[in-house]
J.: 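The structure follows.
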Amino acid sequence: KALNRAAVASLSATASGATASRDQINEARARLTAAESTANQAKLDYERISRLAKEGAVSQAQLDQSRTQSDTTQAQLAQARASLTVLESSAAQAGARIGEASAKVEQTKDVDAVVAMAAAKVQGANARVAELTAARDLAALDLSYTKVVAPPAGYVSKKNVAVGQTIGAGSPIAQMV
């Protein structure tokens, strides 16, 4: 039972971790959407300023600043995509760990049944030992009843019984000389 409780606790902890991973994935998706929006806006701004720079309406410094902003937001977008990929991979691994933990819970349920069956077999074996001990004691008692004793010492001169014949206590079975 302790093994089963440990497996259930492990499953619970793993499931909690998977839930946290799902929350982190949702946050990463939101950051990715924001990064895409920011990158698109920076790209549009750069294209607009680039056209204005060709006409001489903006300085080279403004064009450079817009290009840098566009490049930075593209890098942030790539970072957000990579972060989401890592979190999704971690979530897949957490799912696999949940499967393993579930299997361990099932295995420990079987262990409890096997232990219960072994305990029942032990009880059955103990009962069989008690039964055989009683049979041995009864056989020893019966054996003690088979002793034939004669009050005087001597030799048997005449036998009054046959092999396999049942006799009662105190019945004469032989004559002694």
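Computation of the quantities below employed the complete heavy-atom set of this structure, encompassing side-chain atoms and omitting hydrogens, waters and symmetry-equivalent molecules.
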J.: Should D71 and Y46 count as side-chain neighbours, where that means a heavy-atom distance under 4.5 Å?
T.: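 Side chain of D71 against side chain of Y46, heavy atoms only: no contact under 4.5 Å found.
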
J.: Identify the two heavy atoms, one from A174 and one from V156, that lie closest to each other, and give their separation to 0.1 Å.
T.: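 Scanning both residues, the minimum pair turns out to be CB-CG1, 3.8 Å.
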
J.: Is there a side-chain contact between Q76 and T73, using heavy atoms and a 4.5 Å cut-off?
T.: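 Contact flag for Q76/T73 side chains = yes.
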
J.: Could you tell me whether the side chains of E36 and N40 share a donor-acceptor contact shorter than 3.5 Å?
T.: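 Their side chains do not contain a donor-acceptor pair, so the 3.5 Å distance test is not met.
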
J.: Check for a donor-acceptor pair, side chain of E47 on one end and backbone N or O of L44 on the other, with a separation under 3.5 Å.
T.: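 No.
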
J.: Is the side chain of E55 donor-acceptor paired with the backbone N or O of L52 at a distance under 3.5 Å, no angle test?
T.: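 Absent.
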
J.: Kindly give the heavy-atom pair with the smallest separation between P152 and M176, and that separation in Å.
T.: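 Result for this residue pair: O-CE, 3.9 Å.
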
J.: Once rounded to the nearest 0.5 Å, what's the spacing between atom OG1 of T72 and atom CG of L77?
T.: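 Taking OG1 in T72 and CG in L77, the distance rounds to 12.5 Å.
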
J.: Work out which heavy atom in A28 is nearest to a heavy atom in L84; give both atom names and the distance.
T.: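 The answer is CB-CD1, 3.9 Å.
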
J.: Between the side chain of S37 and the main-chain N/O of A34, is any donor-acceptor distance below 3.5 Å?
T.: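 Not at all, since once roles are kept as given, no pair shorter than 3.5 Å links the two residues.
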
J.: Is R29 salt-bridged to E88, going by a charged N under 4.0 Å from an acidic O?
T.: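 Here R29 pairs with E88 in a salt bridge, since their nearest N and O are under 4.0 Å apart.
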
J.: Determine, stepwise, if the pair S66 / Q69 fulfils side chain to side chain contact (heavy atoms under 4.5 Å, CB included).
T.: CA-CA 5 Å; S66 178; Q69 182 66 28; 5.6 Å; no

J.: Going from CD on Q74 to NZ on K43, what distance comes out if it is rounded to the nearest 0.5 angstrom?
T.: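 The distance works out to 7.0 Å.
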
J.: Do the side chain of S90 and the main chain of V86 share a donor and acceptor less than 3.5 angstrom apart?
T.: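 Yes; judged by distance alone, with no hydrogens or angles, the pair exists.
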
J.: Is there a side-chain contact between D45 and S70 in this structure, where contact means two heavy atoms from C-beta onward sitting under 4.5 Å apart?
T.: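 The answer is no, as the side chains (C-beta and beyond) never meet within the 4.5 Å cut-off.
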
